[in-house]
Amino acid sequence: MIEDILINGAMTSGTLALLALGFTLIYGVAEVVNMSHGALYMVGAYLFFVFTTIFPIDLLLAFVLAVVLTGILGAIIYRLAIHPVVDDLLASLVITVGVTIIIQELTIISFGSYRKPVPSFAQGFLTLAGVKVPNATFLAFVVSLILFGGLWIFLAKVKIGKAMRAVAQDHEVAMLMGINTERLYMLTMGISATLAALAGVLITASTTRLAYPHMWDTPLYLSFSIVILGGLGSVKGTLVGALIIGYAEEIFVTLSTLYLPGGGFLKGVVAMAIMMTVLLLRPKGLFGKRIEMEE
Amino acid sequence: MVATYLRRAYTSFLAHVVDIPPRLLALLLFLILLVFPVTNPKFSFMLLLSLANLSAIFSASWDLQVGRTGLMSLGHALFFGIGGYGAAMLIVFWGFPAWAAIASSALIGALVALAIGYPCLRVKGPYLSLVTMALPLIATGVVFYFKDVTGGERGLFGFPRLFPFLPYAQQFLAEYYFTLLLLFACGIALYKTANSGTGIVFISILDDEVASKACGINTTRYKLTSFSISAFFATLAGAVWVHLLSAANISLLTLTTSFLPIIATIWGGIGTIYGPIAAAYILQIVDRYVLNEVFPIETHWHMIIFLVVVIIVIIFWGRGLARFVTDKLDDLTEERNLDERGPHIWKKYKKKKA
């Protein structure tokens, strides 16, 4: 049972980290609490469904198209709805929640409220230390690790990444140094939406394999409980938050199958309870700083 | 003796209601709504207006909390749902009469608000919005978990209407008058609260919490007061709502329900209390009558249209549609700058300078 918790917890944490990465990136750079993150996750899953079932094309191409199109959609949402109120946290928060509901209703209009099947990349299981792990989950875990490493290198070495860190530290001085902050915000939002879509396709394929119009809520509140837990805008905090929430969920699920039948519905309650406890003790989260590079 | 009192009451009525144009307007609207059913006593229309009354109470309660105190909550549906499920469960499982169920679930709502407000109100600004938004989601999980008590996905239904002793044809009319009187009472209570001494403290918290604290105001206590008064009225509205629809289901707790008061408040003007009431009326009538029967559009487009309007209004006229108009009218007589226009709930949490 201990191995179960260890391995499955690692897998859950990895996928949760993937989910929260985009959310923390856009907050860290532009200080926008992007509540449409869950909706973009859903758009990713739905586009993947469209390109595999309605207009069937190659699986990998469908994946790339879904992710890229969601990224473009994210940039458009930023330009139209968030950009005019970008220096106002509450207004952008309310507006992005509105965008989420709009996307949800548009999804119901175009696809109906029934569940749609999302194909998986990988079938079957593989055995890690005696624990059976679905290949799709393992794939999501590996992609998450690669993306974390990639983002780390991107922020540390690439010119645009350095510009992002500069803007996060002080956007006025960054502007004086010749960085086009508006375009950078838009790019960040695009990257964030891309990450959301990636998470949408990979996580949906590894868990329910279904896309439905209310699927945005669980990822949204999981990602913001992780991000608040770790401190808004901190990449290291996101990783730690994902580990805490992932393992807590896994322990809760494992125990609830033994002692509390049907406890799966209370999984979200556990995440939220942890988040609230941390907020009460440390109102800025565990690593509440601006986006930073820990040397 | 009696004549003196009557005359005094009459002059006081003239001075406090008839001489003040907005109040006179409100009174006239109330009177129109009072005689309206005589002209068109269709069941569907009565039900629509009763729902409009309740959503007006719901919106005004959100406005007291957000427009007057600055506690930006995105999860007001929690209290609506507590009211709905509370009343339904009290009736179905304990056999309460409808009136007792409504009253006690409203009290339960206020107590729950005290209990969750104490930890939640320690966090501020966007964090508070995120935490409150999560609460209905938690409640949804809890509802699904206790399937036997709450009915799970199907919800609870099959409880008696509010006036079971009346013949069927008159029930909708009776419910309409009941909700209208409830709206009148709650509207006055909320308006009075917002303009009382306590209400002024609420506004000082909205303007500058640190400065209010420095003046010796126990801000936590006042924020809790605002939160639980608002919750009380929202719960009341939710409890009556399930009686009108004879069903309590999970749609009471969705994010869309949380957004009803937000849409109404942003249309009607933030922090006015009467604005959201009017806007909730317009919203319900547009939603269920104009876009259903006059210009029929598919239901899901309604929400999209409303939300697009809300987003445009937030971007361009941060103080709401109606307030924008009244501000412009005031500017005709005397030019003022933005700060003189009273509390402003946006622009408070600006980006911090490094």
Side-chain angles (χ1 to χ4, degrees), chain A residues 30-31 33 35 80-81 83-95 97-102 104-109 113 168-173 214 216-218 220-221 224-225 227-228 232 260 262-269 271-273 275-277 279-280 283-285 290, chain B residues 66 70 72 74 116 118-120 122-131 133-147 152 254-256 258-259 262-263 266 298-308 310-312 314-316 318 345-354:
Chain A
E31 270 195 52
V33 184
M35 301 305 273
L80 290 181
H83 171 72
V85 289
V86 71
D87 58 349
D88 185 346
L89 264 177
L90 276 182
S92 59
L93 208 155
V94 174
I95 283 180
V97 179
V99 169
T100 299
I101 299 182
I102 291 179
Q104 173 195 315
E105 300 290 306
L106 282 176
T107 315
I108 295 179
I109 288 170
S113 44
Q169 278 175 8
D170 190 330
H171 77 277
E172 282 175 1
V173 175
H214 295 280
W216 53 267
D217 60 0
T218 317
L220 179 64
Y221 71 78
F224 74 62
S225 49
V227 167
I228 288 182
L232 275 169
L260 193 73
F265 288 122
L266 296 177
K267 226 162 64 169
V269 179
M272 298 309 301
M275 178 192 92
M276 281 173 146
T277 320
L279 268 188
L280 293 179
K284 283 192 166 175
R290 311 294 300 273
Chain B
V66 175
M72 179 51 106
L74 293 180
I116 58 175
Y118 191 72
C120 289
R122 288 181 45 164
V123 296
K124 293 186 180 64
Y127 285 97
L128 178 68
S129 312
L130 293 178
V131 172
M133 188 177 155
L135 293 173
L137 294 170
I138 295 180
T140 313
V142 173
V143 163
F144 277 127
Y145 179 66
F146 295 103
K147 266 198 191 81
T254 53
L255 191 65
T256 319
S258 291
F259 251 68
I262 301 183
I263 297 170
I266 283 165
E298 206 203 330
T299 344
H300 292 291
W301 282 105
H302 300 184
M303 200 66 188
I304 296 177
I305 295 170
F306 297 152
L307 282 170
V308 167
V310 162
I311 289 176
I312 292 172
I314 294 181
I315 289 174
F316 292 104
I345 67 160
W346 316 115
K347 310 282 179 199
K348 266 185 66 185
Y349 295 94
K350 278 189 181 166
K351 276 185 184 174
K352 44 191 179 298
K353 300 269 157 57

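All chains are named by letter (A, B, ...) in the order of the sequence lines, taking the proteins before the strands, and each is independently numbered beginning at 1.
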Undergrad: Working to the nearest 0.5 angstrom, can you tell me the gap between B/Ile305 CD1 and A/Glu105 CD?
TA: 11.0 Å
Undergrad: Quick one: what part of A/Leu106 sits under 4.5 Å from any heavy atom of chain B, side chain, backbone, both or neither?
TA: both
Undergrad: Does any heavy atom of chain A fall under 4.5 Å from the side chain of B/Ile262, the backbone, both, or neither of them?
TA: side chain
Undergrad: Is there a side-chain contact between B/Leu255 and A/Asp217 in this structure, where contact means two heavy atoms from C-beta onward sitting under 4.5 Å apart?
TA: no
Undergrad: Below 4.5 Å from any heavy atom of chain A, which atoms of B/Leu135 appear? Answer side chain, backbone, both or neither.
TA: side chain
Undergrad: Give the C-alpha distance, both sets of side-chain angles, the deciding distance and a yes or no for side-chain contact (heavy atoms from CB on, under 4.5 Å) between A/Ile102 and B/Ile311.
TA: CA-CA 11 Å; A/Ile102 291 179; B/Ile311 289 176; 4.1 Å; yes
Undergrad: Heavy-atom distances under 4.5 Å only: say whether B/Val143 touches chain A with side chain, backbone, both or neither.
TA: neither
Undergrad: Tell me, side chain or backbone of A/Ile108 under 4.5 Å from chain B's heavy atoms, or both, or neither?
TA: side chain
Undergrad: Taking side chain as C-beta onward, heavy atoms only, is B/Met72 less than 4.5 Å from A/Val94?
TA: yes
Undergrad: Taking side chain as everything from C-beta outward and backbone as N, CA, C, O, which of these in A/Val97 sits under 4.5 Å from a heavy atom of chain B? Side chain, backbone, both or neither.
TA: both
Undergrad: Could you tell me which portion of B/Val142 (side chain, backbone, both or neither) has an atom closer than 4.5 angstrom to a non-hydrogen atom of chain A?
TA: both
Undergrad: Compare every heavy atom of A/Gly98 with every heavy atom of B/Leu307, then report the nearest pair and how far apart it is.
TA: CD1-O, 3.8 Å
Undergrad: Which atom pair, heavy atoms only, marks the closest approach of B/Leu137 to A/Tyr221?
TA: CD1-CD2, 3.1 Å
Undergrad: Check whether B/Phe259 gets within reach of chain A through its side chain, its backbone, both or neither, counting any heavy atom under 4.5 Å.
TA: side chain
Undergrad: Under the side-chain contact (heavy atoms from CB on, under 4.5 Å) criterion, do A/Gln104 and B/Met303 qualify, and how do the steps go?
TA: CA-CA 10 Å; A/Gln104 173 195 315; B/Met303 200 66 188; over 6 Å; no
